[in-house]
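What you see below is based on every heavy atom in this structure, not just the backbone, and it leaves out hydrogens, waters and symmetry mates.
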Amino acid sequence: MKLLNFRKNGNVHLGIKTDKGILDVRSAAESLNEEHIPTNIMDVIGEGEETKKVLQTFVEDPRVAAFFMEEESIQWAPAVTEPKKIICVGLNYKKHADETKSPYPKIPILFNKFENALSGHLNEVVVPRQTERLDHEVELGIVIGKTAKDVTKEKALDYVFGYCTTNDLSARDVQKHGVQWMTGKTFDGFAPVGPYLVTKDEIENPNNLHLTAKVNGKVHQDSNTSDMIFNCEELISYISAHMTLQPGDIILTGTPEGVILGWPKEKRVYMKAGDEVTVEVEKLGALTTKFITP
């Protein structure tokens with residue numbers, strides 16, 4: 001199932017992508033007085049498998065026929081709206097470490113973003129006045145579905161609700177100001193997530209997915225999650241040993257080679273207002289961000 005969020009009349013509505021279009025779950029449930037239908041993505045994530053079954057039955061209900069919308073007509077919101085944690089992984093692809101001339105980490109490098117950084121598909125993001133080196137990072141996002149503490153690698157994927165395309169936007173000059181990366185990573189809008197949250201049953205192997213990033217239509221990144229140093233199971237297990245993961249938490253699993261920082265210095269042309277970047281992960285959809293001036 002492909003879930004999504006969009007804005008309508010000042011509110012965030014839950015949607016489901018189908019062959020008939022996008023079902024406006026909230027409007028349909030309210031109009032039909034179906035109070036048992038979840039209309040908030042965080043409730044869907046937290047309530048698990050039974051809730052997915054309820055939504056699947058609702059999509060097939062002939063009464064909802066009037067509540068399908070064209071995808072082109074919606075104003076996208078982040079695919080996950082209120083994660084308690086956004087945990088990011090640095091230098092997690094071999095070729096990305098190679099291009100930045102960095103040694104392969106012995107343990108995952110973790111940093112964080114916050115809720116203010118969330119943005120959705122086709123949203124506009126202001127280029128911060130503090131940076132002249134705005135970079136992109138296509139990443140596979142893992143969305144946790146069950147409380148996870150000290151989980152084993154063998155059981156790790158049991159705690160996943162689904163996956164999404166993400167972009168770890170980075171202000172490289174700000175990132176390099178100190179020994180920690182957070183300030184260059186969590187400006188407003190710097191964590192685009194979407195367009196969809198795809199339930200895990202649709203992804204056979206998250207460790208073998210094609211990813212790309214394009215800036216103004218030109219391919220910058222083109223790789224596969226199989227190049228990750230720490231795979232999805234290892235990341236979930238490691239992180240859950242250091243903190244309790246909760247439903248809705250997002251793990252950004254790292255980026256492959258091709259970021260602007262990895263180019264020869266004389267060829268680096270960082271992103272600016274007026275540019276568009278589209279990141280895509282196989283089976284999860286393409287996520288576009290538009291940059292504007294403050």
Side-chain angles (χ1 to χ4, degrees), residues 75-79 86 88-93 95-102 109 111-141 164-178 180-195 210-223 227 250 252-281 284-294:
Q75 181 184 3
W76 298 85
I86 303 172
C88 307
V89 185
L91 290 174
N92 195 34
Y93 279 72
K95 291 179 183 176
H96 175 51
D98 292 343
E99 73 177 349
T100 59
K101 298 178 174 57
S102 303
I109 297 172
F111 60 95
N112 55 304
K113 292 180 182 256
F114 299 100
E115 194 174 317
N116 69 292
L118 288 173
S119 58
H121 178 49
L122 294 176
N123 289 183
E124 294 179 336
V125 172
V126 171
V127 177
R129 58 179 175 75
Q130 294 89 343
T131 186
E132 296 179 348
R133 299 179 183 177
L134 177 60
D135 207 346
H136 55 79
E137 294 190 4
V138 59
E139 308 203 5
L140 168 67
C164 52
T165 302
T166 64
N167 189 351
D168 175 15
L169 293 173
S170 305
R172 299 299 188 189
D173 37 6
V174 180
Q175 179 185 347
K176 299 293 185 180
H177 281 173
Q180 57 80 30
W181 300 348
M182 185 194 71
T183 52
K185 294 283 194 170
T186 197
F187 284 103
D188 293 349
F190 266 38
V193 175
H210 183 218
L211 338 79
T212 60
K214 298 177 182 178
V215 178
N216 301 325
K218 180 181 178 182
V219 176
H220 282 200
Q221 294 181 274
D222 186 354
S223 188
D227 190 48
I250 308 173
L252 277 63
T253 56
T255 198
E257 78 281 6
V259 298
I260 300 170
L261 179 67
W263 298 5
K265 286 186 177 181
E266 66 275 11
K267 294 184 178 181
R268 294 177 192 170
V269 179
Y270 286 96
M271 297 186 298
K272 61 187 183 306
D275 287 343
E276 288 189 4
V277 58
T278 297
V279 295
E280 183 171 5
V281 180
L284 303 182
L287 169 65
T288 296
T289 301
K290 301 178 179 182
F291 296 104
I292 61 173
T293 55

Worksheet entry | Within-4.5 Å side-chain heavy-atom neighbours: Arg133 and Leu261 | no

d(Glu124 CD, Glu276 CD) to nearest 0.5 Å is 9.5 Å

Quiz item: Thinking salt bridges, do Arg268 and Glu132 make one under a 4.0 Å N-O criterion?
Solution: no

Heavy atoms of Thr165 and Gly285 approach each other most closely as OG1-O, 2.8 Å

* Heavy-atom side-chain proximity of Leu134 to Phe187 below 4.5 angstrom -> no

In this structure, CG of Asn116 is separated from OG1 of Thr186 (nearest 0.5 Å) by 4.5 Å

Would you sort out whether Glu257 and Asp98 count as a side-chain contact (heavy atoms from CB on, under 4.5 Å), showing the intermediate values? CA-CA 8 Å; Glu257 78 281 6; Asp98 292 343; over 6 Å; no

Open item on the list: Taking the side chain as everything from C-beta on, heavy atoms only, tell me whether Lys214 gets closer than 4.5 Å to Val219.
Closed with: yes

Quiz item: What is the ring orientation for Trp76 with His121, classed by angle as parallel under 30°, tilted 30 to 60°, or perpendicular over 60°?
Solution: perpendicular

Inset, instruction - For residues Pro192 and Asn123, determine if any side-chain heavy atom of one lies less than 4.5 Å from a side-chain heavy atom of the other. - result: no

Scanning both residues in full, the closest heavy-atom pair of Asp135 with Tyr270 reads OD2-CE2, 4.2 Å

For this session: Check the pair Val138 / Val281 against side-chain contact (heavy atoms from CB on, under 4.5 Å), numbers first and verdict last.
Result: CA-CA 8 Å; Val138 59; Val281 180; 4.3 Å; yes

Quiz item: Would a distance-only check, ignoring hydrogens and angles, find a side-chain to backbone donor-acceptor pair under 3.5 Å from Thr166 to Glu139?
Solution: yes

**Message:** Just so I know, are the side chains of Arg172 and Ile260 near enough to count as touching, which here means a heavy-atom distance under 4.5 Å?
**Reply:** no

- Task: Applying side-chain hydrogen bond (donor to acceptor under 3.5 Å, both in side chains), run through His96 and Glu137 and close with a yes or a no.
- Result: CA-CA 10 Å; His96 175 51; Glu137 294 190 4; 4.9 Å; no

CD1 (Ile109) and CG (Leu91) are apart, to the nearest 0.5 Å, by 4.5 Å

- Query: Under the 3.5 angstrom rule, does the side chain of Lys113 hit a backbone N or O of Lys185 as a donor-acceptor pair?
  - Reply: yes

With side chains defined as the heavy atoms from C-beta onward, is the minimum distance between Asp222 and His210 less than 4.5 Å? yes

* **Carboxylate-amine/guanidinium proximity below 4.0 Å for Lys95 and Asp227** => no

Taken to the nearest 0.5 Å, the spacing of Leu122 CG from Leu287 CG works out to 8.5 Å

Closest non-hydrogen atoms of Thr278 and Ala286, given as atom of the first, atom of the second and distance, are CG2-CB, 3.9 Å

**Study point:** Lys272 side chain reached by Val127 side chain, heavy atoms, under 4.5 Å
**Key:** no

For Glu99 and Pro256, the nearest pair of non-hydrogen atoms, with its separation, is OE2-O, 4.0 Å

The side-chain hydrogen bond (donor to acceptor under 3.5 Å, both in side chains) partners of Thr131 (sequence neighbours excluded) come to Asp173

Q: Walk me through it: do Thr255 and Asp168 pass the test side-chain contact (heavy atoms from CB on, under 4.5 Å)?
A: CA-CA 8 Å; Thr255 198; Asp168 175 15; over 6 Å; no

Nearest heavy-atom contact between Tyr93 and Gly254 is CE1-O, 3.3 Å

Between the CG atom in Leu118 and the CD1 atom in Ile86, the distance rounded to the nearest 0.5 Å is 4.0 Å

Separation between CE (Met271) and OG (Ser170), nearest 0.5 Å, reads 8.5 Å

Shortest non-hydrogen pair, Asn216 vs Gly274, comes out as OD1-O, 4.4 Å

